[in-house]
S.K.: 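Below: one structure in structure tokens.
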Protein chains: 2
Amino acid sequence: MRRIAPDRDGLLAILAEVFREHGYEGASLALIGQATGLGKGSLYHFFPGGKEEMAAAVIAHIDHWFETNVFAPLQDVQEPRAGISRMLQATDHYFRSGRRVCLVGAFALDDARDLFAKEIKTYFSRWVAHLAEALKRTGRGEAQAADLAEETVAAIQGALTLARAFDDTAVFSRALQRERARLAIG
Amino acid sequence: MRRIAPDRDGLLAILAEVFREHGYEGASLALIGQATGLGKGSLYHFFPGGKEEMAAAVIAHIDHWFETNVFAPLQDVQEPRAGISRMLQATDHYFRSGRRVCLVGAFALDDARDLFAKEIKTYFSRWVAHLAEALKRTGRGEAQAADLAEETVAAIQGALTLARAFDDTAVFSRALQRERARLAIG
DNA sequence: ACATCATTGTACCGTTCGGTACAATTCCCA
DNA sequence: TGGGAATTGTACCGAACGGTACAATGATGT
């Protein structure tokens, strides 16, 4: 191949936004073409597998982003509390305080779940597992760490739903604040 | 009119299930016709407004169901704790311990939000408000009651997302158990 | 039995869907 | 400056979409 696709990251970011806004079914190729400025020719050139490949690429892209920006801080062995705090900060930033929806969470609820069940499952289970590990490092027992981790991730997802329903970012901020207190972070 | 529609409740229940499983966009008339056993003729006879009217009717139906089965117990003035407990029980039953998805929550995330923004908002705000009132009756202050109520509803929604992602009802049960403890119900 | 209205099946409408084919263009490197 | 690959626009495909029209059928009260 002569060169890398012109701006794959930017393209994937736009695709992600379309899928977030409209869901898997609702994200038509017309909508995607309009948002990206690319015709079908280009779209199918970059993603021969069509919409499904686009969605898969977007999920993989998000997965990678979370791995390096959200999960990585949780692996700070020296200062687990600071790591958890940075995770919450990155989460708040990524979801734009609730203005943005979690694409993986949205996919989990609609038809797309069947297509991407495995990816959805690993995305959430890694989030929970990494957080539980960090909590153990703060001195909590295995069971309590697992319980707290699951609760926190669920609280984030629920807060996204409610923030969206109320069209109010304060709902999301309050939820993060509560988790911060519950996890005994500053 | 000669008589009431043959079994409107049963019909709405089936419609609700289709919308829950496939989302608003994903619930095609073909799918709906197949699930209900009704042709387009009948469907458009009962819902002249088409898909949008069907979804609106389903939301209203759910709204009514929650009002009488989930919110009503919260208005028990004598025993607010027992009322909250019954609310959680009804919630667990309705969502089939997480096997079922919240249609309103799912609509809040995808395209349907724009069509039903008002209905979605009132559904959740009534849930939160009624729960907050009940919590005040247990002796909590205004602010704490509101905070706890919002947290609980968010936790339920998040647990539904996670239970669906993990395909594991235990996630939902654990979440309800946590809220039960947090709300100081037996 | 009849008139009446509720209910249904079927054929059809225009539009949009995801996807394909392919020629034209653009870009890069030798 | 040319050759070849990367990229793009356009036309097109069959299928499925939501929705409409309407005649046939079913039930009901008189």
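Letters go in sequence order (proteins before strands), and every chain restarts at 1.
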S.K.: Rounded to whole Å, please give me the gap between NE2 in A:His45 and P in C:dT26.
M.R.: 16 Å
S.K.: Identify whether the distance between the nearest side-chain nitrogen and carboxylate oxygen of A:Glu151 and B:Arg174 falls below 4.0 Å.
M.R.: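 A salt bridge is absent here (no side-chain N lies under 4.0 Å from a carboxylate O).
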S.K.: Give a yes or no answer on whether the side chain of A:Ser85 reaches the backbone of A:Arg81 with a donor-acceptor pair at less than 3.5 Å.
M.R.: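 No.
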S.K.: Nearest-Å distance, CZ (A:Arg8) to C1' (D:dA6)?
M.R.: 15 Å
S.K.: CG of B:Leu43 versus C1' of D:dT20: gap in Å, rounded?
M.R.: 14 Å
S.K.: Find the distance B:Asp7:CG to C:dA6:C1' and express it as a whole number of Å.
M.R.: 16 Å
S.K.: Please table the atom pairs, donor to acceptor, closer than 3.5 Å between any side-chain atom in residues 58-66 of chain A and protein atoms at least two apart or in another chain.
M.R.:
from	atom 1	to	atom 2	distance (Å)
A:Asp63	OD1	A:Arg126	NH2	3.1
A:Asp63	OD2	A:Arg126	NH2	2.2

S.K.: Just by distance, with hydrogens left out, do A:Arg99 and A:Thr169 show a side-chain donor and acceptor under 3.5 Å apart?
M.R.: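 No, because no side-chain N or O of A:Arg99 sits under 3.5 Å from a partner of the opposite role on A:Thr169.
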S.K.: Please determine if B:Arg178 and A:Asp147 form a salt bridge, counting it only when a charged side-chain N lies under 4.0 Å from a carboxylate O.
M.R.: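 Judged by the 4.0 Å cut-off on N to carboxylate O distance, B:Arg178 and A:Asp147 do form a salt bridge.
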S.K.: Between B:Met87 and B:His130, does a side-chain contact (heavy atoms from CB on, under 4.5 Å) hold up when you go through it step by step?
M.R.: CA-CA 10 Å; B:Met87 179 277 281; B:His130 282 138; over 6 Å; no
S.K.: Pull out every protein N or O sitting under 3.5 Å from an N or O of nucleotides 17-19 of chain C, one pair per line with the distance.
M.R.:
from	atom 1	to	atom 2	distance (Å)
C:dC17	OP1	A:Ser28	OG	3.2
C:dG18	OP1	A:Lys51	NZ	2.9
C:dG18	OP2	A:Leu29	N	2.8
C:dG18	N7	A:Lys40	NZ	3.3
C:dG19	OP2	A:Tyr44	OH	2.7
C:dG19	OP2	A:Lys51	N	3.1
C:dG19	O5'	A:Tyr44	OH	3.0
C:dG19	N7	A:Lys40	NZ	3.0
C:dG19	O6	A:Lys40	NZ	2.4

S.K.: To the nearest Å, give me how far apart CG (B:Leu11) and P (C:dT8) are.
M.R.: 10 Å
